[in-house]
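Written out below as structure tokens is the structure these notes cover.
Chain letters run A, B, ... following the sequence lines, proteins first, then strands; residues in each count from 1.
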Protein chains: 4
Amino acid sequence: MTISDGSDVELGPDGVQAARTEWRMHQILAAAAKLMVRDGFHRVSMQSIADEAQMSVGLIYRYFAGKQEILLGVIVDVLNSFADRIPQSMQTAGDDPIHRIAAGFRAYCEIIDENREAALLAYRDGKTLDRSGREQTMNLEFKTSQPLREAVTDAVAQGLLVDVDVDLFTYNLLILAQMWSLKYWHFKSRFSLDEYIKRQSAFVLRSSIDPHRRRKYQDLLTL
Amino acid sequence: MTISDGSDVELGPDGVQAARTEWRMHQILAAAAKLMVRDGFHRVSMQSIADEAQMSVGLIYRYFAGKQEILLGVIVDVLNSFADRIPQSMQTAGDDPIHRIAAGFRAYCEIIDENREAALLAYRDGKTLDRSGREQTMNLEFKTSQPLREAVTDAVAQGLLVDVDVDLFTYNLLILAQMWSLKYWHFKSRFSLDEYIKRQSAFVLRSSIDPHRRRKYQDLLTL
Amino acid sequence: MTISDGSDVELGPDGVQAARTEWRMHQILAAAAKLMVRDGFHRVSMQSIADEAQMSVGLIYRYFAGKQEILLGVIVDVLNSFADRIPQSMQTAGDDPIHRIAAGFRAYCEIIDENREAALLAYRDGKTLDRSGREQTMNLEFKTSQPLREAVTDAVAQGLLVDVDVDLFTYNLLILAQMWSLKYWHFKSRFSLDEYIKRQSAFVLRSSIDPHRRRKYQDLLTL
Amino acid sequence: MTISDGSDVELGPDGVQAARTEWRMHQILAAAAKLMVRDGFHRVSMQSIADEAQMSVGLIYRYFAGKQEILLGVIVDVLNSFADRIPQSMQTAGDDPIHRIAAGFRAYCEIIDENREAALLAYRDGKTLDRSGREQTMNLEFKTSQPLREAVTDAVAQGLLVDVDVDLFTYNLLILAQMWSLKYWHFKSRFSLDEYIKRQSAFVLRSSIDPHRRRKYQDLLTL
DNA sequence: TATGAATGAGCCTTCATTCAT
DNA sequence: AATGAATGAAGGCTCATTCAT
């Protein structure tokens with residue numbers, strides 16, 4: 001479910017097969033994501049996924065054990081794109097934990113904005129997954145939040161954030177990012193994505209930043 | 001959709017009928033809520049609702065036009081209990097806007113805790129509703145948040161909260177309350193409901209309260 | 001299923017009851033006829049009949065054993081109105097068999113025109129009846145045609161019609177009358193009822209009337 | 001809706017598929033016709049059609065959009081067999097319009113006799129079709145009658161039939177043919193099909209044929 | 001007599017899944 | 001590897017009929 005890294009330019013017979021498998025799975029997941037996101041898991045039929053992916057129903061079953069597994073794949077794909085891109089964005093923010101937090105939050109919001117409806121899928125249809133699927137999802141979600149959590153931990157350790165429960169603070173960041181998709185219908189006419197990010201960053205940081213460092217992060221704290 | 005208070009009022013024939021109707025609708029919604037919350041809207045069959053409600057399928061259709069209408073009923077019921085109880089709680093908090101906000105937030109969290117899974121239903125299966133149902137839900141949701149929104153408005157007007165967008169601040173309150181149900185599986189082992197409320201209240205208020213009034217609300221701002 | 005003849009002005013307790021029964025049955029049949037004729041037997045629910053008849057479903061079952069029995073009643077009612085009115089019309093036509101036939105045919109067409117759709121019901125939903133109902137219907141239908149059949153018999157006996165099979169000729173008369181309802185959608189824009197009757201009478205009579213008597217019935221044979 | 005002639009033509013893959021489709025549709029329509037004709041449209045369940053056709057319910061829906069469409073298919077099939085065979089029969093009758101009319105009428109009666117009950121279906125359950133189905137049926141019915149109508153037109157033009165409304169005369173022919181199925185229960189013990197045809201042909205033609213040509217068509221006019 | 005709440009069998013339809021080709 | 005025909009269980013919903021009041 002990860003995209004080929006391009007290293008296998010010289011493909012043996014197995015490599016060819018692996019590449020095709022990968023491509024097929026990508027086709028299926030892309031089709032399923034599009035449809036499920038638009039119509040909801042239960043309203044999407046295997047046939048419609050097959051049509052969208054331009055293959056036959058039967059073939060889908062060569063790559064996924066069933067409809068649920070496809071849902072899992074779609075959700076995992078979205079979560080993976082968080083897991084991939086957030087660390088990247090945070091890296092470019094440098095070493096300062098507060099700046100890292102702000103960058104992570106921004107990246108989170110931006111990815112959500114790009115996958116606004118796909119992001120909803122995980123929440124909306126998560127219950128449809130079986131136990132194992134739900135666990136996998138939860139783990140990935142946790143992994144996704146790890147970089148942010150670490151930055152928060154650092155910030156606390158360096159005394160930049162005070163009176164903060166790391167875990168709760170992290171989840172607050174995540175939920176406020178997700179709110180952009182959850183309440184998009186309401187906010188879209190009031191804020192641009194950028195305004196939203198700015199305001200919410202300020203909201204979160206002002207609540208817990210060490211008063212003595214406020215000046216240093218002035219630009220993050222004011223609108 | 002409120003239950004008869006059981007007092008033996010002398011009921012006319014119409015009253016008896018109305019009471020039965022009310023009772024039947026309650027039975028159906030209670031059964032449906034229980035099952036849908038546990039299994040998700042699409043996994044619950046009309047037959048299973050009928051079984052749970054101890055009546056026949058046919059009878060359900062005397063009270064609800066279809067399965068969707070039942071979902072709407074369940075969601076509306078939850079939202080109504082917000083609309084009923086939050087103003088009550090805020091009233092007992094007195095006139096101070098900050099105290100009113102804190103009381104409203106607490107009430108919100110408590111009701112969510114009581115209807116933890118039912119609350120999820122509104123988010124999870126809201127998309128299943130048709131346009132009219134979605135509008136009804138959204139309106140109720142807005143109405144629910146009105147008292148909080150007004151208190152925030154007052155607080156801003158009185159200079160108690162600064163640099164705040166009323167609408168966004170209100171939604172932040174709501175989403176942080178809802179997070180208790182959304183991430184309950186994660187938080188339950190870390191916080192009691194009361195701790196959660198305390199911490200989140202402090203988190204929210206600290207971010208925007210006028211620095212000069214911090215002392216006055218000391219008890220709300222520290223853990 | 002026949003209407004009270006008014007003789008029981010002084011009603012004993014039984015008479016009162018009989019009158020009510022009659023009235024109720026009339027209400028039900030009238031309602032059912034209206035609806036079944038409009039929508040077809042299977043599309044009409046007992047509830048809708050009850051609504052139309054302004055009584056409860058339960059009450060209908062006091063007067064009819066079931067839905068089928070109502071259909072039978074409706075059909076029988078229509079057939080009875082043929083059986084009642086055709087002899088009347090033929091009587092006023094005097095003694096001449098040809099004139100009686102023409103009068104009977106006219107009456108038949110006119111009644112059908114008045115009950116255009118009800119007439120269809122017998123044909124359309126006749127198959128729905130059980131064996132006993134079908135027999136009853138067929139017998140009544142036969143009885144309906146008796147006066148015409150007798151007039152045809154007379155006409156043949158008097159040499160007015162030649163080379164005619166009485167039974168077939170009679171049925172030809174009936175079917176050509178019924179055709180007014182069967183193909184009404186086609187004919188309505190081409191003929192008035194009166195034109196239709198005139199043309200079809202001429203058509204039928206010309207085919208079999210004794211050439212020597214043609215002059216006598218000139219007005220019936222030309223358009 | 002025509003059956004493959006069984007010749008082992010080399011079929012491309014598309015041909016095989018088309019043949020199967022044709023065969024399946026035939027199976028379904030044959031089963032449906034049999035059952036609907038016997039029990040009436042509304043008493044036949046999709047399951048019973050599937051059983052009779054020896055396939056699963058689901059498969060039926062690959063070939064027909066719903067139950068109504070099957071009814072339409074059955075009716076259309078019957079009407080098509082009229083549209084196919086009547087012109088054939090009339091062609092073999094030569095150029096004389098009167099002979100063509102007689103041949104067309106005979107063919108009509110014979111096809112009705114072969115599909116006696118299926119023919120009833122069109123009349124009995126026609127109302128069940130939706131607007132589009134009814135229009136399609138009516139158009140086909142009209143098309144079916146076109147050859148007869150043209151022959152009648154010719155006969156009138158050539159002065160063979162006099163004082164005749166072409167349209168009405170044509171419908172009279174049709175209804176008298178259909179009467180064979182409508183009143184079969186009555187006629188079967190009185191006439192053979194052939195007798196019926198002879199008598200009705202004579203009946204119809206005698207009514208309108210030009211007296212000067214009677215001798216020429218003597219064999220058609222006498223029994 | 002009259003009501004209409006209640007029942008539950010049965011209907012049409014959909015769709016995930018399988019399997020012969 | 002790939003197809004899509006075929007299956008059949010399950011679902012939402014209707015409605016004739018019954019029965020307690």
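Checking side-chain atoms of B/Asp39 against main-chain N and O of B/Val44 turns up no donor-acceptor pair under 3.5 Å.
Nucleotide E/dG10 has F/dC13 as its partner under the Watson-Crick or G-U criteria, with both atom distances under 3.5 Å. Pair assignment for E/dG4: F/dC19, on the basis of Watson-Crick or G-U wobble contacts that are both within less than 3.5 Å.
Side-chain N/O atoms of B/Arg24 include one lying less than 4.0 angstrom from OP1 or OP2 on E/dA6. Applying the 4.0 Å criterion to OP1 and OP2 of E/dA2, one finds that C/Tyr63 has a side-chain N or O inside that range. Side-chain N/O atoms of C/Ser56 include none lying less than 4.0 angstrom from OP1 or OP2 on E/dG4. Put simply, B/Arg43 has no side-chain N or O that comes within less than 4.0 Å of OP1 or OP2 on F/dA10.
Between C/Gly58 and D/Gly58, it is D/Gly58 whose nearest contact on DNA chain F lies nearer the 5' terminus. Heavy-atom distances to DNA chain F give each of B/Ala65 and D/Met55 a nearest nucleotide, and the one nearer the 5′ end belongs to D/Met55. The residue among D/His42 and A/His42 whose nearest nucleotide of DNA chain E lies closer to the 5′ end is D/His42.
The nearest whole Å value for the distance from the CD1 atom in A/Ile60 to the P atom in E/dC19 is 18 Å. As rounded to whole Å, 8 Å separates atom C1' of E/dG8 from atom CD of B/Gln47. One interatomic measurement links the two molecules: CG of C/Leu59 to C1' of F/dA16, which rounds to 16 Å at whole-angstrom precision. For B/Ile70 and F/dC13, the CD1 to C1' distance is 11 Å, given to the nearest whole Å. In this entry the distance linking CZ of A/Arg62 with C1' of F/dA1 reads 6 Å, nearest Å. The distance between atom CG of D/Asp39 and atom P of E/dC11, rounded to the nearest whole Å, is 12 Å. Between A/Leu71 atom CG and E/dC15 atom P there is a gap of 17 Å when expressed in whole angstrom units. Here F/dG11 presents its C1' atom at 13 Å from OH of D/Tyr61, a figure rounded to the nearest Å.
Relative to the side chain of C/Arg20, the nucleotides E/dA2, E/dT17, F/dC15 differ in distance, and E/dA2 lies closest. The side chain of B/Lys67 lies closest to F/dC13 when the candidates are E/dC12, F/dC13, F/dA16.
Using a 3.5 Å distance cut-off with no hydrogens or angles, the side chains of C/Gln27 and C/Arg24 do pair a donor with an acceptor.
At most 12 non-hydrogen atoms from other residues, nucleotides or ligands lie less than 6.0 angstrom from CZ of D/Arg131.
Contact annotation for B/Met46: backbone-only contact, meaning every heavy-atom pair under 4.0 Å involves sugar-phosphate atoms and none involves a base.
A salt bridge links D/Glu52 to D/Lys34: at least one charged side-chain nitrogen sits closer than 4.0 Å to a carboxylate oxygen.
The structure places CD1 of B/Ile75 at 9.0 Å from CE of B/Met36, a figure rounded to the nearest 0.5 Å.
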